[in-house]
Each structure stands twice: as structure tokens, then as C-alpha cells.
Asker: 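Before anything else, here's the structure in question.
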Amino acid sequence: MKRSTIALIIVFGVLLIDQIIKFWVKTHMYLGQEIPIFGNWFIINFIENEGMAFGMRFGGEFGKIVLSVFRILAVGAIGYYLVRIIKKQENKLFIALIALLFAGAMGNVIDGAFYGLIFNESHYGFNSVAQFMPPEGGYASFLHGKVVDMFYFPIIDTTLMGKRFIFFSPVFNFADAAISVAVILMLIFSKKLSLIGLKHNKKEITEETSRTNHKF
């Protein structure tokens with residue numbers, strides 16, 4: 001399979017799954033609603049955040065704009081790098097991981113850029129489910145939308161030293177998961193990817209030397 005095809009399948013696949021899940025959650029659940037999937041270990045918990053991964057925040061109106069612009073620039077840089085390594089015929093595994101990283105970052109950029117325009121505000125409590133393309137318009141302007149998160153894995157929920165302790169309390173979405181998986185796999189296969197990259201560079205140098213010698 002061509003490297004460009006692999007990248008396109010990963011990017012469009014991740015974006016499609018991510019947006020389908022977010023659209024369903026946004027239009028079927030009220031803010032703070034929980035749906036147990038696997039006992040108390042895996043819960044669909046609808047929350048929204050200002051755009052940082054795993055529900056983290058970055059202060060105020062100015063912070064929101066800075067974060068949105070930074071994320072768009074970062075996605076652009078990753079996308080440009082992805083195109084470059086495809087043209088250079090880099091290792092397919094490396095291309096797949098960069099495509100996964102790009103898709104995850106793009107998934108959250110879409111929320112922040114457009115969700116404020118196409119949905120009305122989600123609220124806590126019953127009968128507070130958001131509507132897609134409401135007649136009165138969206139809840140925010142361009143780049144001011146909130147990112148939809150829903151996956152919650154409180155694997156350990158206990159009391160330690162008189163205080164509640166939850167192991168892995170962040171709530172995240174499919175795009176966040178794609179980014180995390182890409183980074184983890186890069187770390188796991190970093191040595192292999194480095195060796196492949198070294199061999200690729202040596203091959204390019206050999207071919208260039210051969211062409212140069214041929215000219216003379």
C-alpha cells in the first residue's frame with residue numbers, strides 16, 4: 001500500500017470516528033451526564049473544556065485565543081512534516097504514527113474552531129441537550145468553541161489517608177487517545193525508527209555519491 005494511502009486512511013478514519021462520537025455525545029447527553037459501559041471502570045462522562053488535552057484549562061479569553069492559534073499552527077506544522085516524509089519515502093510505520101498524531105490534533109482543532117458556531121450551549125441537568133445548527137445560532141464565535149470529552153476510566157476509586165483517590169481521573173476523547181497512542185508508540189519504537197532512518201540516510205548518500213561519480 002502506498003505511503004500516502006496509509007496516511008489518508010489513518011487521518012480520515014480517526015477524524016470520522018472522533019467527530020461521530022462527539023456529535024452523538026453533544027446531541028444526546030446533557031453536560032455532566034454519565035453512562036456506565038463497563039461497571040464503574042469505564043464510563044461515558046460528558047464534559048467540555050477550553051481545548052487542552054484531558055480536560056486541562058488555559059486561562060481566560062486571551063488564553064483561549066492563544067491556545068487556538070497555537071494548536072492551528074501546530075497542526076499545520078505536523079501536516080507539512082507529514083507531506084514531506086511521504087515524499088521522501090520514509091518508513092511506513094513512522095508515517096503512520098505522524099498521521100495518527102496529525103489526525104488527533106486536527107480532531108480537537110475542529111471542536112475549538114467550529115463547535116461554537118454549529119451547536120448551542122450544553123447545560124447540566126435533564127432537558128439540556130444541545131441542538132445541531134439551532135435556529136438562534138451557536139453559542140460562540142469562530143475559535144471559541146469547547147472541546148467535547150467523554151471517556152472516563154476511574155480504574156481505582158478508593159480512599160487513601162482520609163481522602164478520595166482516583167487512579168486515572170482525566171476525561172478524554174478519541175482524538176486525545178490518538179495523540180497519546182502515537183507518542184507512546186514513537187517512544188517504544190524509537191530505536192527501531194532511528195535505525196531505519198539511519199539506513200535510509202545512508203542509502204540516499206550512496207545514491208547521491210553514485211550519481212555524482214557518474215557525472216565525472
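Keep in mind that what you see is a predicted model, and the values were worked out from it rather than measured. Any value given below was found using the heavy atoms of this structure, including those in side chains, with hydrogens, waters and symmetry copies removed.
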Asker: Nearest heavy-atom pair of Pro154 and Ile43: which atoms, and what distance?
Answerer: CG-CD1, 4.2 Å
Asker: Can you tell me how far the CE atom of Met133 sits from the CG atom of Leu117, to the nearest 0.5 Å?
Answerer: 9.0 Å
Asker: Would you say the side chain of Val171 lies within less than 4.5 Å of the side chain of Phe151, judging by non-hydrogen atoms?
Answerer: no
Asker: Could you give all pairs that pass the salt bridge (Lys or Arg N to Asp or Glu O under 4.0 Å) test and reach residues 3-12, with sequence neighbours left out?
Answerer: none
Asker: Could you measure the distance from the CG atom of Leu73 to the CD1 atom of Ile78? Nearest 0.5 Å is fine.
Answerer: 11.0 Å
Asker: Enter the distance from Phe94:CZ to Ile86:CD1 here, rounded to the nearest 0.5 Å.
Answerer: 11.5 Å
Asker: What pairs with Tyr115 under side-chain hydrogen bond (donor to acceptor under 3.5 Å, both in side chains), at least two apart in sequence or on another chain?
Answerer: Gln19
Asker: So, for Val14 and Ala178, which heavy atoms are closest and what is the spacing to 0.1 Å?
Answerer: CG1-CB, 4.0 Å
Asker: Going only through I, L, V, M, F, W and Y residues with side-chain contacts under 4.5 Å, is there a path from Ile17 to Ile35?
Answerer: yes
Asker: Within a strict 4.5 Å, meaning less than it, do heavy atoms of the Met150 and Ile21 side chains meet?
Answerer: yes
Asker: Apply ring-ring contact (aromatic ring centres under 6.0 Å, His included) to Phe153 and list each qualifying residue two or more places apart in sequence or on a separate chain.
Answerer: Phe42, Phe172
Asker: If you group Ile, Leu, Val, Met, Phe, Trp and Tyr whenever their side-chain heavy atoms sit less than 4.5 Å apart, what else falls in with Phe12?
Answerer: Leu8
Asker: Just to verify, what does Thr5 make a side-chain hydrogen bond (donor to acceptor under 3.5 Å, both in side chains) with, not counting sequence neighbours?
Answerer: none
Asker: Enumerate the residue pairs fulfilling side-chain hydrogen bond (donor to acceptor under 3.5 Å, both in side chains) with a member in residues 73-87, sequence neighbours excluded, ordered by first and then second residue.
Answerer: none
Asker: Give, for atom NZ of Lys26 and atom CD1 of Ile118, the distance between the pair rounded to the nearest 0.5 Å.
Answerer: 9.5 Å
Asker: Taking only residues two or more places apart in sequence, or in another chain, which ones meet His28 in a side-chain contact (heavy atoms from CB on, under 4.5 Å)?
Answerer: Trp24
Asker: Identify the heavy atoms of Val11 and Ala99 that sit nearest to each other, and give their distance.
Answerer: CG2-O, 3.7 Å
Asker: Report whether Leu31 and Phe132 are members of the same hydrophobic cluster (ILVMFWY, side-chain heavy atoms less than 4.5 Å apart, transitive linking).
Answerer: yes
Asker: Mind checking what makes side-chain contact (heavy atoms from CB on, under 4.5 Å) contact with Val181, not counting sequence neighbours?
Answerer: Leu100, Leu185
Asker: For a 4.5 angstrom cut-off between non-hydrogen side-chain atoms, does Glu48 reach Val147?
Answerer: no
Asker: Would you say the side chain of Leu15 lies within less than 4.5 Å of the side chain of Ile110, judging by non-hydrogen atoms?
Answerer: yes
Asker: Could you list the residues that satisfy side-chain hydrogen bond (donor to acceptor under 3.5 Å, both in side chains) with Asn45, not counting sequence neighbours?
Answerer: none
Asker: Kindly give the heavy-atom pair with the smallest separation between His144 and Ala140, and that separation in Å.
Answerer: O-CB, 3.6 Å
Asker: Is it the case that one hydrophobic cluster holds both Phe174 and Ile9, taking links as side-chain heavy atoms less than 4.5 Å apart, direct or via other members?
Answerer: yes
Asker: Among residues at least two apart in sequence or on other chains, which ones pass side-chain contact (heavy atoms from CB on, under 4.5 Å) with Ala175?
Answerer: Asp18, Lys22, Asn108, Asn173
Asker: Evaluate the side chain to side chain contact (heavy atoms under 4.5 Å, CB included) criterion for residues Val148 and Phe46: first the C-alpha distance (whole Å), next the side-chain angles of each, then the deciding distance (0.1 Å), finally the verdict.
Answerer: CA-CA 7 Å; Val148 175; Phe46 175 30; 3.8 Å; yes
Asker: Got a sec, which hydrophobics cluster with Leu16, joining ILVMFWY side chains under 4.5 Å apart, including via others?
Answerer: Ile20
Asker: Checking the side chain of Ser68 only, and the main-chain atoms of Leu143 only, is there a donor and an acceptor separated by less than 3.5 Å?
Answerer: yes
Asker: Among the clusters formed by ILVMFWY side chains lying less than 4.5 Å apart, do Ile184 and Phe189 turn up in the same one?
Answerer: yes
Asker: Can you tell me how far apart CD (Gln89) and OG (Ser4) are? Round to the nearest 0.5 Å.
Answerer: 8.5 Å
Asker: Have a look at Phe119 and tell me which of Phe23, Tyr139, Phe114 forms a ring-ring contact (aromatic ring centres under 6.0 Å, His included) with it.
Answerer: Phe23
Asker: Where is the tightest heavy-atom contact between Met1 and Ile6, given as atom of each residue plus distance?
Answerer: SD-CG1, 3.7 Å
Asker: If Ile, Leu, Val, Met, Phe, Trp and Tyr residues are connected whenever their side-chain heavy atoms lie under 4.5 Å apart, and connections chain through other members, are Trp41 and Ile37 in the same group?
Answerer: yes
Asker: Applying salt bridge (Lys or Arg N to Asp or Glu O under 4.0 Å) as the test, list every pair that has at least one member in residues 114-131; sequence neighbours left out.
Answerer: Glu121-Lys146
Asker: From Gln33 CD over to Ser128 OG, what is the distance, rounded to the nearest 0.5 angstrom?
Answerer: 10.0 Å
